[in-house]
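Taking it in order: structure first as structure tokens, then the write-up.
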Amino acid sequence: MLTLITGGSKCGKSHIAEQLLENVHCEKIYIATMIPYGKEAHAAIERHRLLRAGKNFTTIEKYTNINELDIPEQSAVLIECMANLCANEMFDSGFDADVSGRIVNAVKKINKACSRLVVVTNDVSRDGIEYPEETQLYIKNLCHINRQLALIADNVIECVYGIPVMLKGEL
Amino acid sequence: MILITGGAYEGKTEYAADFLKINPDEILDGDTCPVQKAFSAVCIKNFQKLIKRLINEKIDPIDFAHRLIRENNKLTIITDEIGCGIIPANKSDRLWRETVGRVCSMIASESVCVIRLSCGIPTAIKGKLL
């Protein structure tokens, strides 16, 4: 079962994602995709760690190629977040414009392996600004990934200041 | 009129073609089409860019929208949602963003149906899904 959670910055997406998996009793795996570059990233990672504390997640830090992960059956997986993963895949070693297909396939593979998957993503295309070409391509890739995942997802949630707005399915 | 909106790359044009059954050849691009074609078009995409061109060509976008509503009320308009985020520092960008907001509010108010796409998923925020 796949749930996709989107929304703007700091709108409570992670909290909703963790809540969804709160009463799940199987092994819980948290795939952290944010590369700990610099102070802000360290602070964000620490804040998320505290949020998850006591919720029995096993954290796996994996910044690219999440298809390589060995996901046990009967596990619940939370991927956080797609915006970082997409950026890492595109910009981490040189520049790769063509990433959406392989990211979607990796998520499909994980979704098949585990019993419950929650993917946290981000809404990045609603400010009307024309960015330089590489950034524009990043926005396009992330939107494409979001749309492909929304197609196969059971639930799609847009989070607005902590309120889950259902775009697809029912909670 | 029908208004289809949402962020960039949300699948708005695909929605118009797949669900409203608009022939893709009949979807004009507001970035490049002759401005006057809007009054006889079936569908215009990138309407936000057409508005930018109106401003650049010194055509009053509000008058233009009034005339569009009067003369082509079967039109389907596809436009990016561009009003979120920080107010642009540049004056012409501010004017454009505000004008898109005003004009699209006029269009939405005249539309039987307003669809907003997020993650490619359409939600009818006015009227019913078609």
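Chain letters run A, B, ... following the sequence lines, proteins first, then strands; residues in each count from 1. Heavy atoms only: backbone and side chains are in, while hydrogens, waters and symmetry mates are out.
With respect to chain B, the highest number of heavy-atom pairs below 4.5 Å among Ser125(A), Gly8(A), Gly128(A) belongs to Ser125(A). Contact count versus chain A (heavy atoms, under 4.5 Å) is highest, among Gly120(B), Pro122(B), Cys119(B), for Cys119(B).
Summarising the local packing, CD of Glu40(A) is surrounded by 12 or fewer heavy atoms from other residues, nucleotides or ligands at distances under 6.0 Å. The number of heavy atoms from other shown groups lying within 6.0 Å of CD (Glu14(B)) is above 12. Other residues, nucleotides and ligands contribute over 12 non-hydrogen atoms within 6.0 Å of the CZ atom of Phe39(B). Shown here is Lys62(A), whose NZ atom has more than 12 heavy atoms of other residues, nucleotides or ligands within 6.0 Å. In the displayed structure, Asn90(B) atom CG is contacted under 6.0 Å by more than 12 heavy atoms of other residues, nucleotides or ligands.
Note that the OG1 atom of Thr6(A) and the CD1 atom of Ile121(B) stand 10.0 Å from one another [nearest 0.5 Å]. We find the OH-CG distance between Tyr9(B) and Asn141(A) to be 10.0 Å, quoted to the nearest 0.5 Å. The structure places CD of Glu10(B) at 7.5 Å from CG of Asn146(A), a figure rounded to the nearest 0.5 Å.
Residues Ile31(A) and Ile152(A) share a single hydrophobic cluster, defined by chaining ILVMFWY side chains whose heavy atoms lie under 4.5 Å apart. When the side chains of ILVMFWY residues are joined at heavy-atom separations under 4.5 Å, either directly or via intervening members, Ile78(B) and Leu129(B) end up in a single hydrophobic cluster.
For a residue to count as touching a neighbouring chain, one of its non-hydrogen atoms must lie under 4.5 Å from one of that chain's; by this rule Gln148(A) does not touch chain B. In this structure, chain B has a heavy atom under 4.5 Å from the side chain of Leu4(A), while its backbone stays farther away. Both the backbone and the side chain of Ser118(B) come within contact range of chain A, judged by heavy atoms closer than 4.5 Å.
Between Leu167(A) and Thr123(B) the shortest side-chain heavy-atom distance falls below 4.5 Å.
No donor-acceptor pair under 3.5 Å is formed between the side chain of Arg126(A) and the backbone N or O of Gly83(B).
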